[in-house]
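Here's the structure we're looking at; comments come further down.
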Amino acid sequence: MRLDKFLANMGYGSRKEVKTYVKKKKITVNNQVVRKADMHIEPEQDEIAYNGEIIEYKVYIYIMLNKPGGYLSATEDSKQMTVLDLIAERDKVLDPFPVGRLDKDTEGLLLLTNDGQLAHDLLSPSKHITKTYIAKLDRDISDHDVQLFEKGITLDGGYVTKPAGLRRIEDKEVEIKITEGKFHQIKRMFESLDNKVLYLKRVAMGNVQLDEDLKLGEYRELTKEEWQQLQQK
């Protein structure tokens, strides 16, 4: 791969800007100052550095975002803010996209990646990936509500959801576990029980838990352990 293409792909500016870095002797390959921006390198073998900082070569990016309300789970929208507006330009060069969707007013764990196969696997109904949510409700739940969730809730339109978990945390606050993601599913499930979701937050996807240190709107890349947990599904 050409050095200028590598640096551009890793978010270090345009090819024109890379030429400027080379002229200013800011780029090294295997500890040698680079003289030509178009030199060929082996990204997985050579050590490339900018201003002494080693650049990690990666094809895929895996991001954990603590999504705030008010943002669409989309890559772009002409009128509204999307979750990509929360991501720094350097982390957008590999074109990450949201894995699935959280409603605009729903908070919590949202994964973004450019790994299409992983995204497909996580969203496939046949994989039975559990999504865990915390909800605050208009009224408290009953034991009968829990039993109905376990059997599957009939939504408006007649669709019957797959069995789901419902657990009371405290008065009017519950934990929900589902393995599918129909449009506004959790809200519609409670509406079928004559209840209303006042607040909704996703806290886990599979075995990956939302990092409690991430404030709303903050994100970080997944750890190796978290990535492996997603692979295991």
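The structure presented is a predicted model; accordingly, all values stated were derived computationally and were not measured.
Using modelled atom types and a 3.5 Å distance limit, the side chains of Y71 and D85 yield no donor-acceptor pair. Side chain to side chain, T132 and K177 meet the donor-acceptor criterion of an N or O pair below 3.5 Å. With 3.5 Å as the limit, one finds no donor-acceptor pair spanning the side chains of N195 and D138.
Residues Y199 and E173 have side chains not in contact (no heavy-atom distance under 4.5 Å, counting atoms from C-beta outward). Under the 4.5 Å side-chain criterion, counting only non-hydrogen atoms from C-beta, M10 is not in contact with V93. Counting heavy atoms from C-beta outward, L137 and K196 have side chains that stay 4.5 Å or more apart. Using a 4.5 Å heavy-atom threshold, the side chains of P98 and V83 count as touching. With a 4.5 Å cut-off on side-chain heavy atoms, E150 and P163 do not count as touching. Side-chain atoms of K104 and Q80, non-hydrogen and from C-beta on, do get closer than 4.5 Å to each other. A 4.5 Å side-chain heavy-atom check between I178 and T161 finds every atom pair outside the cut-off. L210 places a side-chain heavy atom less than 4.5 Å from the side chain of N66.
Looking only at distances, a side-chain donor or acceptor of D115 sits under 3.5 Å from a matching main-chain atom of L118. No donor-acceptor pair closer than 3.5 Å links the side chain of N207 to the backbone N or O of Q229. Counting only distance, with no hydrogens or angles, the side chain of S192 and the backbone of T154 share a donor-acceptor pair below 3.5 Å.
Annotation for K136: atom NZ does not count as buried by contact number, only 12 or fewer foreign heavy atoms lying within 6.0 Å. Within 6.0 Å of the OH atom in Y159, the count of heavy atoms belonging to other residues, nucleotides or ligands exceeds 12.
R188 forms no cation-pi arrangement with F183, by the criterion of a distance under 6.0 Å to the ring centre and an angle within 45° of the ring axis.
Partners of Y219 according to the ring pair (Phe, Tyr, Trp, His ring centres under 6.0 Å) rule, which considers only residues two or more places apart in sequence or in another chain, do not exist here.
The shortest non-hydrogen separation linking G13 to E17 is CA-OE1, 2.9 Å. Between L86 and P68, the closest heavy-atom pair is CD1-CD, 3.6 Å. Of all heavy-atom pairs between L110 and R202, the closest is CD1-NH2, 3.6 Å. Smallest separation of non-hydrogen atoms from L84 and A74: CD2-O, 3.7 Å.
Using a cutoff of 4.0 Å between basic side-chain nitrogens and carboxylate oxygens, K67 and E107 are not scored as salt-bridged. A salt bridge is absent between D4 and K16: the closest approach of a Lys/Arg side-chain nitrogen to an acidic carboxylate oxygen does not fall below 4.0 angstrom. Salt bridge absent: D91 and R220 never bring a charged side-chain N and a carboxylate O closer than 4.0 Å. With respect to the salt-bridge test (charged N to carboxylate O, under 4.0 angstrom), the residues D38 and K36 do not qualify. Remark: K201 does not engage E175 in a salt bridge, criterion side-chain N to carboxylate O under 4.0 Å. Taking 4.0 Å as the cut-off between side-chain N and carboxylate O, E218 and K215 do not count as a salt-bridged pair.
Note: the hydrophobic cluster containing I87 also contains M81 (ILVMFWY, side chain heavy atoms under 4.5 Å, direct or indirect links).
Between Y62 and the choices L112, L111, L222, the side chain to side chain contact (heavy atoms under 4.5 Å, CB included) rule is met once, by L222. I176 pairs with exactly one of I186, V197, I134 by the side chain to side chain contact (heavy atoms under 4.5 Å, CB included) rule, that one being I186.
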As a quick check of understanding, evaluate side chain to side chain contact (heavy atoms under 4.5 Å, CB included) for V203 and L109, giving each step before the final call. CA-CA 6 Å; V203 294; L109 174 62; over 6 Å; no
D46 vs N30, test: side chain to side chain donor-acceptor pair (under 3.5 Å). Steps then yes/no. CA-CA 6 Å; D46 293 327; N30 299 325; 3.1 Å; yes
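Taking the ring centroids of F149 and F190, they lie under the 6.0 Å cut-off.
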